[in-house]
2 protein chains.
Amino acid sequence: MSDAVSGSDLARLAALIGDPARANMLLALMGGRALTAGELAAQAGVAAPTASGHLARLAEGRLVAVERQGRHRYYRLAGPEVAELVHQLMGAAALGPRRYRPPGPRDAALRLARSCYDHLAGRLALALVDALVAQDRLAMSAGNFTLTGTGRAFFETLGVALDAAPGTRRPLCRACLDWSERRPHLAGRLGTALHHRLIAQRWLEPVPGSRALRITHVGETGLVAAFGLPRDWRCEEARPDAA
Amino acid sequence: MSDAVSGSDLARLAALIGDPARANMLLALMGGRALTAGELAAQAGVAAPTASGHLARLAEGRLVAVERQGRHRYYRLAGPEVAELVHQLMGAAALGPRRYRPPGPRDAALRLARSCYDHLAGRLALALVDALVAQDRLAMSAGNFTLTGTGRAFFETLGVALDAAPGTRRPLCRACLDWSERRPHLAGRLGTALHHRLIAQRWLEPVPGSRALRITHVGETGLVAAFGLPRDWRCEEARPDAA
DNA sequence: CTGACGCTTCGGCTACGGCCGAAAGGTCGG
DNA sequence: CCGACCTTTCGGCCGTAGCCGAAGCGTCAG
């Protein structure tokens, strides 16, 4: 009551996400790219009219934004807050009822490197974090990352923009739990800027129709050289049982 | 899909929260205290059998935990993760469709000081944060708090336990948006420890049947002295239009 | 101008989920 | 040991929301 948000407000928002078709659409949009209504209908496994209704409701609830382009309508997540929200829900969903699906050799490319709305995820993201921490460019403490002084200089020479637009509440560093690897990787403004930079200089390139990111040939060597990745960074995590 | 969480998992969780009766129950439990099934039924505005069904589903979804005590059954949130999740949803719900209810003179006690699951909220929480930042015991940067060296010493002399149980992922400091005041206050392990400490030494005491916290007489002077609160900390935020 | 295509609106069907009253466990008090 | 109380289970009612086919707009291509 005295709180600005009532139970029915909370319920309305959660119910909006709480339909399988809509949830699948949001998940599909978590790749960060805008998709057409048709693509989203296919992703959600429903007919076009059904999808249209769902998308209208998502737009009315400000979870997605729409942009007309010719005879297509491109839908995308309304902003980073929405991506974060969905992400947190996914984390909680993975924890709750024991549904820890073992890694599973589903799509190796996705597990290696993918975009998570606006930043990197997958083993590459974890290897980068590990290397940054090892070289004291990033500090990891109690579930949060912080950028060190040397780290700041490092990213600036790399051409990664660090300054926030004035009035930005979004933190520079955020830890984002990697579902496939179960360890935190780097999100926040720095995560976004790094993601953009690596794509802009074509070390990574998006794979059409997927959230996976391909590591280009120059990227291969560039990443290892610039970040000091270990030679075996592509391997699965060192597992105690593998000894 | 290759991610550990599928759309239907996400939907199942969100739909669980997405019912008005269940949402109201979760909200009522955000105070941090365990409530009986009957109390929750009243809070949600449904009959006992209906509430029982909802609670069973919440428990099965691991959002609440139940504890039998005589002929009562006490329900509480399953953990800090759940509180955080609900909190984030409330933040998003407040933002989305413009439903910014002006502060409203609803319950002055709640706006002054209340518990937010396991930490403090309300004007007191904000005044504490402001004072801690002003005295360089807490640093605020880009939406996150960090504890300074002097701050660490300060809290230790205050008797606030800072060390984490081994293997804890929960961050020491987290910013938690205060709905009634629209500014971040202190959550995380430090927020919890501070909350406990202030209640343990009876500077604050819970108001039965409410999330409000009463400031005791010794607390009144103790808080101002220990934290260096300004004399007018109880006043509403300095508003530009008040000049 | 006309046909193809993408998307939305409309109308009707169906089913799932919330709701309650009645009755059945348990648990405590006299 | 019996009655009062809290909670859950059961059974049936009802409304809402999801779903699709058909038809209606807008846009692009030839």
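Worth saying up front: this structure is predicted, and the values here are computed from it rather than measured. Chain identifiers are assigned alphabetically (A, B, ...) following the order of the sequence lines, protein sequences preceding nucleic acid strands; residue numbering begins at 1 within each chain.
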Would you tabulate the pairs of protein nitrogen or oxygen atoms and nucleotide nitrogen or oxygen atoms of nucleotides 15-20 of chain D closer than 3.5 angstrom?
residue	atom	partner	partner atom	Å
D:dG18	OP1	A:Arg22	NH1	3.0
D:dG18	OP1	A:Arg22	NH2	3.0
D:dG18	OP1	A:Arg57	NH1	3.4
D:dG18	OP2	A:Arg57	NH1	2.5
D:dC19	OP2	A:His54	NE2	2.6
D:dC20	OP2	A:Ala47	N	3.0
D:dC20	OP2	A:Thr50	OG1	2.9

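Considering only residues two or more places apart in sequence or on other chains, A:Arg197 meets the side chain to side chain donor-acceptor pair (under 3.5 Å) condition with none of them. Applying the side chain to side chain donor-acceptor pair (under 3.5 Å) rule to B:Arg57 yields no partners; only residues at least two apart in sequence or on another chain are considered. Residues forming a side chain to side chain donor-acceptor pair (under 3.5 Å) with B:Glu84 (at least two apart in sequence, or on another chain): B:Arg174. Take B:His195 and apply the ring pair (Phe, Tyr, Trp, His ring centres under 6.0 Å) test, not counting sequence neighbours, and it matches no residue. Applying the side chain to side chain donor-acceptor pair (under 3.5 Å) rule to B:Glu39 yields the partners B:Thr36; only residues at least two apart in sequence or on another chain are considered. Contacts of B:Glu205 classified as salt bridge (charged side-chain N to carboxylate O under 4.0 Å, His left out), with partners at least two apart in sequence or in another chain: B:Arg202, B:Arg214. In this structure A:Ser52 satisfies the side chain to side chain contact (heavy atoms under 4.5 Å, CB included) test with no other residue, sequence neighbours excluded. With sequence neighbours excluded, the residues satisfying side chain to side chain contact (heavy atoms under 4.5 Å, CB included) with A:Ala121 are A:Arg114, A:Cys116, A:Asp178, A:His185.
With a heavy-atom cut-off of 4.0 Å to chain B, the contacted part of DNA chain C has its first and last nucleotide at C:dG18 to C:dC28.
In this structure, B:Thr36 reaches the D:dT7 phosphate: one of its side-chain N or O atoms is under 4.0 Å from OP1 or OP2.
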Donor-acceptor pairs under 3.5 angstrom involving side-chain atoms of residues 25-35 of chain A: please list them, not counting sequence neighbours.
residue	atom	partner	partner atom	Å
A:Arg33	NH2	A:Val207	O	3.3
A:Arg33	NH2	A:Ser210	O	2.4

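Atom CZ of B:Arg71 and atom C1' of D:dT7 are 11 Å apart (whole Å). Remark: C1' of D:dT27 and CZ of A:Arg73 are 11 Å apart, rounded to the nearest angstrom.
Each end of the helix from C:dC1-D:dG30 to C:dG30-D:dC1 gets its own rotation axis from five pairs of C1' atoms, and the angle between them is 30° to the nearest 10 degrees.
The pair B:Arg73-B:Glu67 does not count as a salt bridge, with every side-chain nitrogen at least 4.0 angstrom from each carboxylate oxygen.
Using a 4.0 Å heavy-atom criterion, one finds that B:Tyr75 contacts the sugar-phosphate atoms exclusively.
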